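Since we're looking at a predicted model, the values are computed, not measured. Naming convention: chains lettered A, B, ... in sequence-line order (proteins, then strands); numbering from 1 in each chain.
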Amino acid sequence: MSFLRWRRQGRRVGVSLLFVLVGSGLWQYQERQHRDDYAWMGVPSWESLTPTSFHRVLRNEGYLVGWSDVRAGALWVSYQVEAVDDASIGSRPGFKADWRTLWPIGTDSYSGSGYDRGHLAPNYAIAAVHGRGAQVDTFLMSNMSPQRPNLNRQLWQRLEEAVMDHFAPRYDRLQVVTGPIYPENFMDNALNRVGFVEIPEAFYKIIVSPHPESPRALAFIMPQNVQGNEPLDDYLVSIDEVEARTGLDFFHELSTTRESALEGAVQTQGWAIEQVANRPGRFQ
DNA sequence: TTTGGTGT
């Protein structure tokens with residue numbers, strides 16, 4: 001190879017490298033922007049890196065998913081909502097498999113199990129706020145978690161309705177993080193699955209009014225076995241409690257003082273939860 | 001039906 005040709009090739013490699021660097025820089029920038037739009041103060045991270053807390057972030061229209069390959073389920077979903085004027089949404093799209101999970105989780109994987117395909121990012125709220133494309137994405141099987149019918153159709157539904165009809169109108173915008181809770185010892189529950197999907201023992205939902213100066217938050221943990229007509233405020237917990245049960249660290253970009261103020265205790269002032277705590281469900 | 005499954 002002549003010296004000139006070698007130099008030309010070198011330049012080509014240099015240009016290609018430049019493209020890769022600029023391209024991946026842009027991609028990372030956009031990824032960062034996207035995450036900021038959907039996850040106030042950072043996507044949930046693990047408090048210590050264990051096989052059960054490791055997750056990959058799946059991007060969808062309207063919400064993000066933290067997917068665990070070990071659980072074959074989501075550890076969290078993150079999205080934002082605001083009050084909407086028009087309550088009507090499109091009809092329910094069909095459930096869809098999600099090839100990104102690698103696990104073969106089909107739309108019929110839950111049938112006959114006694115568990116519902118419970119939405120983590122909810123159909124109604126995502127559709128009403130983020131549109132039809134986002135609504136379709138909520139029916140990905142990666143957004144489903146095995147949920148007992150009495151929880152999914154009643155207590156959990158009442159909580160999701162309270163988010164849109166009662167909490168969202170009180171503030172400009174809400175950040176919601178929600179997901180499953182598994183037994184403390186992985187081996188105790190490792191084989192308790194619907195198909196490949198591990199069955200949680202409870203679910204959490206964190207609702208934040210992301211005011212820069214004085215953020216406010218509510219957190220709930222609801223177990224699988226409920227009647228469905230219980231008062232919502234029976235299930236209030238601190239965010240610290242959710243972190244202890246999940247091994248996740250929420251809103252880690254907050255300063256230490258802000259984080260402990262927001263997460264250390266149950267603080268219901270401003271939410272008027274007593275007005276919705278006993279509102280009946282739509283599907284008795 | 002702002003949630004779903006079952007059976008056709």
Side-chain angles (χ1 to χ4, degrees), chain A residues 60-63 73-74 77 79-98 105-171 173-180 193-195 197 199-200 202-205 207 218 220-232 235 271 273 275-284:
Chain A
N60 295 308
E61 210 173 315
Y63 71 104
V77 300
Y79 57 93
Q80 299 190 357
V81 297
E82 59 202 23
V84 291
D85 295 332
D86 184 6
S88 63
I89 61 166
S91 62
R92 291 167 68 95
F95 291 91
K96 281 191 308 182
D98 187 345
I105 302 165
T107 56
D108 58 350
S109 291
Y110 286 43
S111 64
S113 68
Y115 288 89
D116 280 2
R117 297 174 287 192
H119 279 71
L120 292 175
N123 167 39
Y124 173 76
I126 297 286
V129 177
H130 299 284
R132 179 66 181 179
Q135 179 184 20
V136 169
D137 279 358
T138 67
F139 280 79
L140 288 165
M141 290 304 292
S142 51
N143 185 42
M144 300 303 146
S145 197
Q147 218 167 27
R148 297 307 303 272
N150 278 13
L151 177 60
N152 184 37
R153 303 173 195 184
Q154 297 188 60
L155 189 64
W156 195 257
Q157 187 278 328
R158 289 168 50 216
L159 178 57
E160 289 180 338
E161 185 164 326
V163 170
M164 284 305 282
D165 292 356
H166 178 75
F167 297 137
R170 301 181 69 84
Y171 298 98
R173 187 167 60 102
L174 294 178
Q175 169 70 54
V176 184
V177 184
T178 197
R193 293 183 185 246
V194 171
V197 182
I199 301 171
F203 294 85
Y204 68 90
K205 189 180 291 289
I207 303 160
L218 287 182
F220 300 84
I221 293 179
M222 294 178 169
Q224 289 273 22
N225 290 309
V226 293
Q227 285 289 322
N229 56 0
E230 296 88 345
L232 297 180
Y235 300 95
W271 295 97
I273 189 172
Q275 293 178 18
V276 278
N278 293 293
R279 205 172 277 180
R282 309 172 80 90
F283 315 107
Q284 313 262 8

For [X] and [N], give me the distance from atom [atom1] to atom [atom2], rounded to whole Å.
X: A:Trp156; N: B:dG4; atom1: CH2; atom2: C1'; result: 16 Å
X: A:Arg148; N: B:dT3; atom1: CZ; atom2: C1'; result: 15 Å
X: A:Lys205; N: B:dT3; atom1: NZ; atom2: C1'; result: 13 Å
X: A:Met222; N: B:dT3; atom1: CE; atom2: P; result: 16 Å
X: A:Arg279; N: B:dT1; atom1: CZ; atom2: P; result: 21 Å
X: A:Asp108; N: B:dG7; atom1: CG; atom2: P; result: 14 Å
X: A:Gln224; N: B:dG4; atom1: CD; atom2: P; result: 13 Å
X: A:Phe283; N: B:dG4; atom1: CZ; atom2: C1'; result: 8 Å

Whether A:Arg282 contacts B:dT2 is assessed here as follows: a side-chain N or O lying under 4.0 Å from the phosphate OP1 or OP2. Is that the case? yes

Counting just side-chain N and O atoms, does A:Arg92 come under 4.0 Å of either OP1 or OP2 of B:dT3? yes

Heavy atoms within less than 4.0 Å of DNA chain B: which residues of residues 109-138 of chain A have one? Give them sorted by number. A:Ser111, A:Gly112, A:Asp116, A:Arg117, A:Gly118, A:His119, A:Asn123, A:Tyr124

What salt bridge (charged side-chain N to carboxylate O under 4.0 Å, His left out) pairs are there with at least one residue in [range], not counting sequence neighbours?
range: residues 153-167 of chain A; result: A:Asp116-A:Arg153, A:Glu160-A:Lys205, A:Glu161-A:Arg282
range: residues 118-147 of chain A; result: none
range: residues 83-92 of chain A; result: none

What residues, two or more places apart in sequence or in another chain, satisfy side chain to side chain donor-acceptor pair (under 3.5 Å) together with A:Tyr115? none

Can you name the residues that form a side chain to side chain donor-acceptor pair (under 3.5 Å) with A:Ser142, not counting sequence neighbours? A:Asp98

Rounding to the closest angstrom, what is the interatomic distance between B:dT1 and B:dG5 at atom P? 15 Å

Say whether, by atom type as modelled, one donor and one acceptor occur between the side chain of A:Gln175 and the main chain of A:Tyr79 under 3.5 angstrom. yes

Any sub-3.5 Å donor-acceptor pair from A:Thr138's side-chain atoms to A:Ala121's backbone N or O? no

